[in-house]
Q: 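I have a structure I would like to understand better, so I am pasting it below and will then ask my questions one at a time.
Below, chain A is the first sequence line, B the second, and so on; all start at residue 1.
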Number of protein chains: 2
Amino acid sequence: MEILSDRQKLILNLVIHEFTRTAQPVGSKTLVEKFHLDVSSATVRNELATLTEMGFLEQRHTSGGRVPTEKGFRYFVRVLMQTQELPESSRRMIEHQFYQMQQDQGVDDWMKLAASILATQSGAASLVSAPLPIRTELRHLALIKVSGKQVLIILVMAGGQFQQRFVTTEMRIDQNELTMLSNEINTRFANKTAQQIRQEALITSPASEGLEFFLNHVMNIMYESDNMKTGEVYTDGISNVLAEPEFAESEDARRALKILEEKPTLQSFLSRAIMDQKIGGIQILIGGEGMLTNLYNCSLVLARYGIPESVSGTIGVFGPMRMPYSRTIPTVRFMAGLLSDMVSDSIGNTTFRN
Amino acid sequence: MEILSDRQKLILNLVIHEFTRTAQPVGSKTLVEKFHLDVSSATVRNELATLTEMGFLEQRHTSGGRVPTEKGFRYFVRVLMQTQELPESSRRMIEHQFYQMQQDQGVDDWMKLAASILATQSGAASLVSAPLPIRTELRHLALIKVSGKQVLIILVMAGGQFQQRFVTTEMRIDQNELTMLSNEINTRFANKTAQQIRQEALITSPASEGLEFFLNHVMNIMYESDNMKTGEVYTDGISNVLAEPEFAESEDARRALKILEEKPTLQSFLSRAIMDQKIGGIQILIGGEGMLTNLYNCSLVLARYGIPESVSGTIGVFGPMRMPYSRTIPTVRFMAGLLSDMVSDSIGNTTFRN
DNA sequence: AGTTAGCACTCTAAGTCGAAGAGTGCTAAC
DNA sequence: GTTAGCACTCTTCGACTTAGAGTGCTAACT
């Protein structure tokens, strides 16, 4: 890693500051005038030249000002930026919005609200993925007859997620029978993972046909849940991003929007990106970092929330590369904290029970 | 209503046809040349002038060609357009995509798939709202203990929708008790509306504390469900719309996008717009028709799907006013039919049971 | 009376030109 | 190492021009 002189750091900082504000290339003269530097523009010019040579800045046109490169932004985020705490007033405002929701809401209502708050607070697009159990354990099974041969399976996992699935049985079956089956499965297999259930089922006496049928479905659902690292993704504030000058060309705008619209791609991308982050950890992807070429010119600030060893989801902000990181990062971190609390409050206490 | 001569109809038709294709104002000369009219451009010019005077066309610039007005498009859709059947090949393709989904999927998975198919088929943005029961009847209640005092209520309605809600009880309560309570409620109140439940509950002996607690929650959920005319709205293909030339200015694009992003507004708008349509009926909103001013320059083609007297939802396409209605309308109609079938197949047979 | 040819006119889109302004690199002096 | 100065480049913007498309009107034709 190159070592920058203090003055180079200062100048890089100022360039990024100014560019973040105006979205315009910034030149030596502007820099000196705006920030009352006690060196001349020529000196700044020299420094700009070396910073450009080192790859922190770039010159789009031979004689236009400098623009920070991806590398420049990464250096800024890693070294130069001081993340101040989120001001008390903002925190209050967010908490206020967050807690005025009725208590008795489903998980996905939190997500939507969180996405909405984060979008307005950051002035960019937000993404929130549902919290999923890190390893799936059965908490409760409900079998509900819907019509002749159709049964609705509702599976509540440790952590409070639930999955639902319609299945069609071979023959007619009535609700009493279903209740008995679900009772049996619940008493025998509650708080077990899919693997554990499979093992136990093998050991014990051959099961009844009905039991086996539903048990298979239960295990399938749990396996799927295990393999799907990221749940439903909610986005909000997409129109915020389109307001940024870098997306004035509708072609660029579409490119960015497409990323947010293709949920499956987005899901797998999120899970890959955040995989090796601890809960509470922040991951910053600048210019896509080679993972999605379409992310050129965009950045993601992602945080993982949830309960360690139990459930986790992702929350984050999508915006232009030129985003006010020092404000966005604490906001995302704070929202992640809130969501973690929310998860703990409502279901966390069960975690230490099994 | 003005009466147009055959030639005027022809010319209006051609103007709309051409404008739909090119998004450019169209003039007399082009018209004659492209369509080999056996009248001269001067004649066409005269007709264009009267059509403009009548308000079917408009001249953006004194000496540019004509552009159809909202009124023009409405006349076109109502009178001129012949909606051909959707070609067999398209129908096959759509069906193929639709039925390759696994059978055992939740309602919202259908919606998403339907939205995605409709978006690609129409090349515009699509919206699908979840099918909601026209009047809510209780089908099955499940009470699931999640932690100390927290209980997950899952309510399955006639029609197969379900609502879930976390509630916190006053005191600890165990799963056996919950199962008994839910059994009682199920046997006594299945297939009843919220009103019927209230009446019956009043008549019979004062209920136990627990029963009353949950029964109240059940009724609340059902009331809410009754009052919420439109369920979750899924959108897809927003980026398609941004590709249209009328949204090249990012400001226009944002305006349109915002409509699709604000789900609550969108929901109430949809329910208001489609309210007095029969199932299978198509509603076409051109230029917003004064309901949402932001819809200037955009159109909606909406259809209601579901089962008469039982469940209904909305599916539709959002695009520029200049959309190929004669292709979009049959597509939407066909998709609505498919969704109706889907709803009937999976839950419809229960409807005639109570 | 309806249709057409012809013509003068208008307006947009696209290209050219020049001046202003911002920024650069380099050199020579401090 | 820093600075002043200078020549140069490049973008932006307005003014101007031209080509092309389209219009409205009038007079002639069927």
Side-chain angles (χ1 to χ4, degrees), chain A residues 3-12 14-19 21-69 72 245-246 248-249, chain B residues 3-12 14-19 21-69 72 245-246 248-249:
Chain A
I3 292 174
L4 299 185
S5 72
D6 280 355
R7 192 170 63 195
Q8 285 169 334
K9 286 182 186 173
L10 172 68
I11 288 177
L12 179 55
L14 292 180
V15 170
I16 288 181
H17 183 86
E18 190 62 10
F19 180 69
R21 219 171 49 79
T22 63
Q24 295 293 328
V26 15
S28 54
K29 210 168 157 192
T30 332
L31 230 38
V32 175
E33 279 170 12
K34 282 231 169 165
F35 299 102
H36 309 294
L37 299 184
D38 47 2
V39 291
S40 79
S41 68
T43 314
V44 174
R45 235 173 356 254
N46 287 331
E47 298 290 31
L48 288 180
T50 60
L51 283 170
T52 305
E53 204 164 329
M54 285 193 271
F56 293 104
L57 299 176
E58 131 191 57
Q59 246 178 317
R60 298 261 164 91
H61 308 288
T62 319
S63 135
R66 258 68 169 202
V67 165
T69 59
E246 37 266 87
E249 292 303 313
Chain B
I3 293 174
L4 300 185
S5 72
D6 281 354
R7 193 169 62 194
Q8 286 169 334
K9 287 181 185 173
L10 174 67
I11 288 177
L12 179 55
L14 292 180
V15 170
I16 288 182
H17 183 87
E18 190 62 11
F19 180 69
R21 220 172 48 81
T22 63
Q24 295 293 330
V26 15
S28 54
K29 208 168 160 190
T30 333
L31 230 37
V32 175
E33 280 171 10
K34 282 232 170 163
F35 299 102
H36 310 294
L37 298 184
D38 47 3
V39 290
S40 79
S41 68
T43 313
V44 174
R45 238 176 350 256
N46 287 333
E47 299 289 33
L48 288 180
T50 59
L51 284 170
T52 306
E53 205 164 326
M54 286 193 269
F56 293 103
L57 299 176
E58 129 190 63
Q59 246 177 315
R60 299 262 164 88
H61 308 289
T62 318
S63 134
R66 260 71 171 199
V67 166
T69 60
E246 36 266 85
E249 292 303 313

Q: Quick one: on DNA chain D, does Ser41(A) or Ala49(B) contact a more 5' nucleotide (nearest heavy atom)?
A: Ser41(A)
Q: Can you tell me how far C1' of dT24(C) sits from CD of Glu53(A), to the nearest Å?
A: 14 Å
Q: In this structure, how many angstroms lie between the P atom of dG2(C) and the CD atom of Gln8(B), rounded?
A: 12 Å
Q: Tell me, what's DNA chain C's dot-bracket, Watson-Crick or G-U with both distances under 3.5 Å, | for other-strand, [ ] crossing?
A: ||||||||||||||||||||||||||||||
Q: Please state how far atom CG in Asp38(A) lies from atom C1' in dT2(D), giving the value in whole angstrom units.
A: 12 Å
Q: Among residues 27-35 of chain A, which ones have heavy-atom contacts with DNA chain C below 4.0 Å?
A: Gly27(A), Ser28(A), Lys29(A), Thr30(A)
Q: Counting heavy atoms from C-beta on, name the nucleotide in dT3(D), dT4(C), dG24(D) closest to the side chain of Ser40(B).
A: dT4(C)
Q: For the pair made of CD1 in Ile11(B) and P in dT23(D), what is the distance, rounded to whole Å?
A: 11 Å
Q: Taking only N/O atoms, report every protein-nucleotides 6-14 of chain D pair under 3.5 Å with atom names and distance.
A:
| unit_1 | atom_1 | unit_2 | atom_2 | d |
| --- | --- | --- | --- | --- |
| dT9(D) | O2 | Ser63(A) | OG | 2.5 |
| dC10(D) | OP1 | Thr62(A) | OG1 | 3.3 |
| dT11(D) | OP1 | His61(A) | ND1 | 3.2 |

Q: Check the distance between dT3(C)'s P and Asn46(B)'s CG and give it to me in whole angstrom.
A: 9 Å
Q: What's the CD-P distance between Gln59(B) and dC11(C), to the nearest Å?
A: 11 Å
Q: Under 4.0 Å, counting only non-hydrogen atoms across every strand here, what does Arg60(B) touch: a base, just sugar-phosphate, or nothing?
A: nothing
Q: State which residue, out of Leu12(B), Ile16(B), Val67(B), Thr50(B), fulfils the side-chain contact (heavy atoms from CB on, under 4.5 Å) condition with Leu57(B).
A: Leu12(B)
